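The residues of the chain are indexed from 1 along the displayed sequence. For clarity, every value in this text was computed on a predicted model and none was experimentally measured.
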Amino acid sequence: MPATIVLGAQWGDEGKGKVTDYFAEDADLVVRYQGGNNAGHTVVVGEERFALSLVPSGVMYPSCTPVIGNGCVVDPGVLLDEIDMLTSRGVDPSRLRVSNNAHLIMPYHRKLDAVRERYLGRQKIGTTKKGIGPAYTDKFARQGIRIQDLFDPKIFRDKLDVALEEKNKLLTRVYNQLPMDGQKIADEYLGYAERIRPHVADTSLLVSEAISDGKSVLFEGAQGTLLDIDHGTYPFVTSSSPTAGGALTGTGVGPKVIDDVIGVAKAYISRVGTGPFPTELFDEVGDTMIEVGKEYGTVTGRRRRCGWLDLVALRYSARVNSLTGLFITKLDVLSSFETLRIAVAYSSLGERYTELPRQQRVLYNCTPVYEELPGWKTDISQIREAQDLPAEAVAYLRFIEDHTGVPVRWVSVGPERSQVVEM
Ligand code: GDP
Ligand code: IMO
Ligand code: MG
């Protein structure tokens with residue numbers, strides 16, 4: 001696997017952490033390219049469970065260099081806490097590299113994220129309240145503060161003063177909040193500089209050189225395709241580009257170096273936060289998915305919404321990412337059901353949709369057109385060879401391949417690192 005993108009093909013939490021960790025054994029670099037600590041990636045090694053929000057999942061292997069690319073937004077306090085957490089649990093994060101150009105999540109970003117959600121009321125997005133949206137807003141407004149600014153106190157303070165003047169007006173006059181103190185923020189953030197300094201690098205150069213040297217590089221997406229700022233269910237999305245294109249701009253490499261684009265998709269679907277979700281279930285089938293699949297947020301602990309697999313959405317994801325393979329996770333969770341349903345189209349006002357409708361309104365009131373497939377009703381979590389999978393499970397996977405045109409190359413049958421079947 002020379003240069004491979006691993007990304008979420010649905011609404012996040014597909015199991016990207018597990019999949020990245022599975023591949024990372026053979027990777028020289030694992031690079032996060034977007035998002036921040038809104039991500040929660042779970043890696044399970046034996047009895048140990050790690051929830052990573054910023055540090056790439058490759059950190060678990062001493063042979064692998066984890067890299068946080070320029071497209072990410074970094075909350076430095078959170079980053080240092082995660083480094084400490086890993087160290088205390090016997091994982092060495094000293095190889096971690098962070099882009100000098102990555103933007104910082106500032107305290108006013110977290111504050112604005114929270115108060116804007118409150119302000120939106122019923123229209124809220126259901127963000128993780130980590131300051132992601134406001135940090136990317138400042139980046140694009142060219143008012144952001146970057147990692148490299150931590151090492152130039154004068155520039156840091158100047159940029160902070162400009163940003164804070166506007167933010168404090170917003171906080172006090174629009175949102176009825178107390179203003180924030182620039183000196184306090186500067187003291188806190190400049191205080192992080194010395195601990196972060198050894199990790200800072202020109203990561204675009206690092207990644208490009210690794211690829212030129214024939215090393216294997218894994219790009220680890222956060223969130224998922226349908227949460228993409230351009231290609232997702234806007235405005236119920238995150239503020240970055242989890243799709244394959246984001247891996248290029250978010251790290252500073254060109255499209256020609258990418259060999260493989262692996263879409264990670266659950267065998268069903270989950271979503272946290274608000275926004276349309278045509279196959280969402282509100283019955284005991286959905287409850288079973290949540291309980292058996294342990295569908296509670298890694299970051300916020302929120303109960304995830306669950307529903308049947310949606311092949312209209314997955315085919316869309318295959319297209320916008322040019323997927324070369326699918327990694328289907330949590331197939332074991334479907335062992336609970338006698339009969340499985342898969343959406344192959346949507347129906348609304350007498351019209352049938354096999355592509356995502358151009359008017360998003362349709363996504364809210366459409367009815368999924370389901371096909372039914374027999375379940376297997378047997379424990380598959382110990383299976384490691386494709387030939388040992390029940391015929392019904394193989395038929396389910398073939399159905400996905402037929403409707404997306406993308407080969408299912410791996411299947412995950414449990415949270416642990418070794419619970420993978422190569423197809
Ligand atoms: P990510 O954000 O895409 O990395 O996914 P999360 O870690 O937020 O959520 C996926 C959850 O499912 C985690 O608790 C994983 O440990 C778990 N998981 C991953 N793959 C499997 C699988 O094949 N079967 C089961 N039962 N759990 C899995
Ligand atoms: P991983 O990487 C699932 C959702 C939030 C909300 C929307 C915007 O673990 O798959 P944000 O805080 O990003 O502004 O919130 O996006 N969201 C996620 N949902 N998995 C994630 O990350 C998510 N990161 C953000 O719930 O609906
Ligand atoms: Mg997650």
Side-chain angles (χ1 to χ4, degrees), residues 1 6 8 12-32 35-68 75 77-98 128 130 195 199 216 218-223 262 264 266-267 270 272 290-304 327-333 335 379-384 410-422:
M1 75 168 48
V6 171
D13 300 326
E14 298 90 346
K16 299 173 294 291
K18 174 190 164 150
V19 168
T20 305
D21 171 71
Y22 173 76
F23 289 134
E25 187 172 10
D26 300 319
D28 296 296
L29 263 64
V30 173
V31 193
R32 274 276 307 267
N37 57 310
N38 48 347
H41 294 182
T42 317
V43 174
V44 182
V45 187
E47 299 294 303
E48 291 243 45
R49 181 179 175 281
F50 294 85
L52 301 167
S53 70
L54 261 173
V55 176
S57 303
V59 71
M60 309 304 288
Y61 291 97
S63 54
C64 180
T65 302
V67 178
I68 296 176
D75 188 324
V78 172
L79 179 65
L80 292 176
D81 283 349
E82 200 155 293
I83 287 175
D84 289 342
M85 178 276 289
L86 287 165
T87 309
S88 73
R89 295 182 63 184
V91 179
D92 172 20
S94 63
R95 303 171 315 281
L96 176 71
R97 293 295 171 265
V98 183
T128 58
K130 305 291 182 190
R195 281 200 64 201
H199 298 285
S216 71
L218 210 56
F219 297 86
E220 178 182 10
Q223 290 78 53
I262 308 300
V264 185
K266 269 181 195 167
S270 72
V272 268
I290 292 166
E291 294 319 315
V292 177
K294 300 196 174 67
E295 296 294 355
Y296 294 91
T298 315
V299 175
T300 56
R302 286 179 291 176
R303 193 176 197 264
R304 295 171 180 157
F327 200 130
I328 301 293
T329 59
K330 303 192 104 161
L331 192 67
D332 53 303
V333 175
S335 300
D379 179 11
I380 58 169
S381 62
Q382 302 311 316
I383 293 177
R384 298 290 177 272
W410 303 267
V411 176
S412 173
V413 293
E416 214 276 332
R417 181 182 272 175
S418 64
Q419 290 180 292
V420 173
V421 179
E422 201 168 328

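Remark: Arg304 fails to qualify as a cation-pi partner of Tyr296 under the 6.0 Å distance and 45° angle criteria applied to the six-membered ring.
Side chains of Leu52 and Met85 form a contact here, defined as non-hydrogen atoms less than 4.5 Å apart. Residues Lys130 and Ser53 have side chains not in contact (no heavy-atom distance under 4.5 Å, counting atoms from C-beta outward). The closest side-chain heavy-atom distance from Val420 to Val411 is not below 4.5 Å. Between Arg303 and Val272, every side-chain heavy-atom pair lies at or beyond the 4.5 Å cut-off. Looking at Val43 and Val45, their side chains come closer than 4.5 Å, going by heavy atoms from C-beta outward.
Judged by distance alone, with hydrogens and angles left aside, the side-chain atoms of Glu82 form a donor-acceptor pair with the main-chain N or O of Val55 at under 3.5 Å. Within the 3.5 Å criterion, the main-chain N or O of Gly293 finds a donor-acceptor partner in the side chain of Lys330. Side-chain N or O atoms of Asn37 include none that pairs as donor or acceptor with a backbone N or O of Leu54 at under 3.5 Å. Distance alone, capped at 3.5 Å, places no donor-acceptor pair between the Thr298 side chain and the Thr42 backbone.
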- Task: Kindly determine whether Asn38 and Gln223 satisfy side-chain contact (heavy atoms from CB on, under 4.5 Å), including the steps that lead there.
- Result: CA-CA 8 Å; Asn38 48 347; Gln223 290 78 53; 3.1 Å; yes

Practice problem: Mind running side-chain contact (heavy atoms from CB on, under 4.5 Å) on Val19 and His41 for me, showing each step along the way? | Solution: CA-CA 10 Å; Val19 168; His41 294 182; over 6 Å; no

Open item on the list: Between Leu96 and Leu79, is the side-chain contact (heavy atoms from CB on, under 4.5 Å) condition met? List the steps.
Closed with: CA-CA 11 Å; Leu96 176 71; Leu79 179 65; 4.0 Å; yes

Evaluation steps, side-chain contact (heavy atoms from CB on, under 4.5 Å), between Thr20 and Leu218:
CA-CA 8 Å; Thr20 305; Leu218 210 56; 3.9 Å; yes

query = side chain to side chain donor-acceptor pair (under 3.5 Å) between Ser412 and Gln419: does it pass, once the steps are laid out?
reply = CA-CA 6 Å; Ser412 173; Gln419 290 180 292; over 6 Å; no

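In this structure, Pro56 and Ile68 approach most closely via the heavy-atom pair CD-CG1, 4.0 Å. The shortest heavy-atom contact between Leu29 and Cys64 is C-SG, 4.1 Å. Across all non-hydrogen atoms, the minimal contact from Val264 to Gly15 is CG1-C, 4.1 Å. Counting all heavy atoms, side chain and backbone alike, Glu14 lies closest to Lys16 at OE1-NZ, 2.8 Å.
Taking OG1 of Thr329 as the reference point, atom NZ of Lys18 lies at 8.5 Å (rounded to 0.5 Å). To the nearest 0.5 Å, atoms OG (Ser94) and CD1 (Ile83) are separated by 9.5 Å. Distance check: Ser57 OG to Arg32 CZ gives 8.0 Å after rounding to the nearest 0.5 Å. The distance from the OG atom of Ser381 to the CD atom of Glu416 is 11.5 Å, given to the nearest 0.5 Å. From Glu422, atom CD reaches atom OH of Tyr22 across 5.0 Å, with rounding to the nearest 0.5 Å.
Results of the side chain to side chain contact (heavy atoms under 4.5 Å, CB included) test with Phe50 over Val91, Val59, Val44 single out Val91 as the only residue that passes.
Considering only residues two or more places apart in sequence or on other chains, Lys266 meets the side chain to side chain donor-acceptor pair (under 3.5 Å) condition with Ser270, Glu295. For Thr87, the side chain to side chain donor-acceptor pair (under 3.5 Å) test picks out no residue, with sequence neighbours left out.
Between Arg417 and Asp21, at least one side-chain nitrogen of the basic residue sits less than 4.0 Å from a carboxylate oxygen of the acidic one, meeting the salt-bridge criterion. One finds a salt bridge joining Arg195 and Asp84 here, because a Lys/Arg side-chain nitrogen approaches an Asp/Glu carboxylate oxygen to under 4.0 Å. A salt bridge between Glu48 and Arg89 is present, with a side-chain N of the basic residue lying under 4.0 Å from a carboxylate O of the acidic one.
Ring planes of Trp410 and Phe23: perpendicular class, angle over 60° (limits at 30 and 60°).
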